[in-house]
Structures are given as structure tokens and as C-alpha cells.
Amino acid sequence: LKITSVTIEGYWKHWRGQTDMFGKKLTNEPHRFLSYECVKINVYTTGYADKVVIRFSPELESMTFTDKFGNVYKYKDDIEYEVYFPEDSTAILNPKVKDNHVSWEYILPIAPSTKSWEDKRLKPPYKMIVTAWKGSNSVTYEIDDIDITGNIYDLIHIQPVR
């Protein structure tokens, strides 16, 4: 049993090394996302796995968030459903298939930023842990450099007319 590859990619891809509309050169950080950004996760296994479980740091699994002003944000109110871990992040596989591919999309919840807009470290990065199971045997793969900066609404604004 082996996890051969794991990827996590955001749909916004804001930190991809481009120059933003204000002339600021952004860093190239493929694991830096915005809260409420949808991410696509791909997991490839070999060795007849029974299931694959995707987990995140607790802050990225939380369905509620309270900001410093006491405002409470509920995933269910904003996204209109809830995600239950690990039930919703578990893929049951056909144990007769040697090589498997699991693809899952997840809208990240509102969570404390790990990096500021000025690229300053605010707290340690978050993690995503993928576990593949075959019976009672398991292997894990960890991505430990997931950063959050703000949320998608911070980047929605009226576009200049050209």
C-alpha cells in the first residue's frame, strides 16, 4: 500500500507569481489560499487501498468562526451546507483495483490567517493529512505548508474600466 501523489490546488490561484492590479509582484505559493476558496484535492494510491481519508488542521475543518469583534460566521449559513469530517472526506474504494485516484473538492471555511497581505507570518501553516487504508494497515501523506490569507471577499471589487 502506497500513496504515490497528493495535490491540493485552489481555484483562485491568487499567489501564482503574477503582478496584481496595483502593481505589486505576488509570491508564487501554490498552497496559499483564501478562506472560502474552493480547493481541488487529488490523491493517487497503489496497492489495493480500501479507503482514503482526507483531514485538515482543526481550523480548516471548523464549521464556525468567531472573529476578534465577536462576529460569528457559520459555514452552513454562507455555503448552505456543512461538511462532516471524516465522513464526508472519506472515499471508499474498490479493494480489487490496484491503482486508485480520489478527487475531492472542498470550500475552505473562514479561518485565522497564517500570513498577512504583506506576506508576514502570523501563525504556523495549516496541514492536510491524507491516509490510505487497506484493512488495518495505513499509510499517510502530509502537506504541511497550507497558508490562509483573508477570504475571497477581500479580492472582490469593482474592476477599473479600460
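Side chains included, hydrogens not; waters and symmetry mates left out as well; all remaining heavy atoms used. Given the structure is predicted, the values throughout are model-derived calculations rather than measurements.
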Test side chain to side chain contact (heavy atoms under 4.5 Å, CB included) applied to I8 and I143, step by step: CA-CA 9 Å; I8 180 170; I143 293 178; 3.9 Å; yes

T4 (side chain) donor-acceptor with Y44 (main chain) under 3.5 angstrom: yes

Close side-chain approach of L1 to Y48, heavy-atom, < 4.5 Å: no

Minimum side-chain heavy-atom gap R55-P86 below 4.5 Å: yes

Heavy-atom side-chain proximity of V39 to L108 below 4.5 angstrom: yes

Derivation and outcome, side chain to side chain donor-acceptor pair (under 3.5 Å), residues Y75 and E80: CA-CA 7 Å; Y75 194 92; E80 298 182 354; over 6 Å; no

Verify same cluster id: V139, V43 (apolar side-chain graph, 4.5 Å): yes

Nearest-0.5 Å distance that lies between atom CD1 in I110 and atom CZ in F65: 7.0 Å

Short N-O contact, E142 and K127, less than 4.0 angstrom: yes

Spatial distance of atom OG1 (T46) from atom NZ (K2) [nearest 0.5 Å]: 8.5 Å

Side chain to side chain contact (heavy atoms under 4.5 Å, CB included) between K74 and M63, worked out: CA-CA 6 Å; K74 295 183 179 179; M63 296 291 106; over 6 Å; no

K40/Y11 under side chain to side chain contact (heavy atoms under 4.5 Å, CB included): CA gap, chis, key distance, verdict: CA-CA 8 Å; K40 183 173 186 175; Y11 278 90; 3.8 Å; yes

Side chain to side chain donor-acceptor pair (under 3.5 Å) between H31 and D147, worked out: CA-CA 6 Å; H31 294 156; D147 281 312; over 6 Å; no

Minimal non-hydrogen separation, I152 against L34, with atom names: N-CB, 3.9 Å

Sub-4.5 Å side-chain heavy-atom contact between V53 and V130: no

Atom pair CD (E61) and CG (D88), whose distance is rounded to the nearest 0.5 Å: 10.5 Å

Heavy-atom check, side chain of K24 versus side chain of T19, under 4.5 Å: no

Side-chain donor or acceptor of S89 paired with backbone N/O of I54 under 3.5 Å: yes

Evaluation steps, side chain to side chain contact (heavy atoms under 4.5 Å, CB included), between N151 and F33: CA-CA 8 Å; N151 64 68; F33 309 109; over 6 Å; no

Backbone of D67 reached by a side-chain donor or acceptor of N71 within 3.5 Å: no

Heavy-atom pair with the smallest gap, counting every atom of D99 and G47: OD1-N, 4.5 Å

Heavy-atom pair with the smallest gap, counting every atom of I146 and T114: O-OG1, 4.2 Å

Ring centroid separation Y106 to F56 under 6.0 Å: yes

Derivation of the side chain to side chain donor-acceptor pair (under 3.5 Å) call for E29 and T27: CA-CA 6 Å; E29 298 179 75; T27 54; 2.4 Å; yes

Within one Ile-Leu-Val-Met-Phe-Trp-Tyr cluster: I107 and Y153, side-chain cutoff 4.5 Å: yes

Single-linkage hydrophobic cluster Y126~I129, side-chain heavy atoms < 4.5 angstrom: no

Distance (rounded to the nearest 0.5 Å) between D50 CG and W133 CH2: 10.5 Å

Rounded distance [0.5 Å steps], OG1 in T64 versus NZ in K76: 13.0 Å

Value rounded to 0.5 Å, distance of NZ in K51 from OG1 in T45: 13.5 Å

Y81 reachable from W104 in the ILVMFWY side-chain graph, under 4.5 Å edges: yes

Over all atoms of both residues, closest heavy-atom pair of W117 and G150: CZ2-CA, 4.0 Å

K115 side-chain N/O to L122 backbone N/O, donor-acceptor pair under 3.5 Å: no

Derivation and outcome, side chain to side chain donor-acceptor pair (under 3.5 Å), residues D78 and Y36: CA-CA 9 Å; D78 295 336; Y36 285 160; 2.4 Å; yes

Joint cluster assignment, L60 & Y84, ILVMFWY side-chain distance < 4.5 Å: no

Heavy-atom closest pair, residues A111 and I148: O-CG2, 4.1 Å

Under 3.5 Å: donor-acceptor pair, side chain of S116, backbone of K120: yes

Contact summary for S138 and T131, nearest pair of heavy atoms: CB-CG2, 3.7 Å

Side-chain donor/acceptor of S35 to backbone N/O of P109, under 3.5 Å: yes

Passing option when T149 is tested against H14, R32, E118 for side chain to side chain donor-acceptor pair (under 3.5 Å): R32

Sidechain N-carboxylate O distance under 4.0 Å for E59, K123: yes

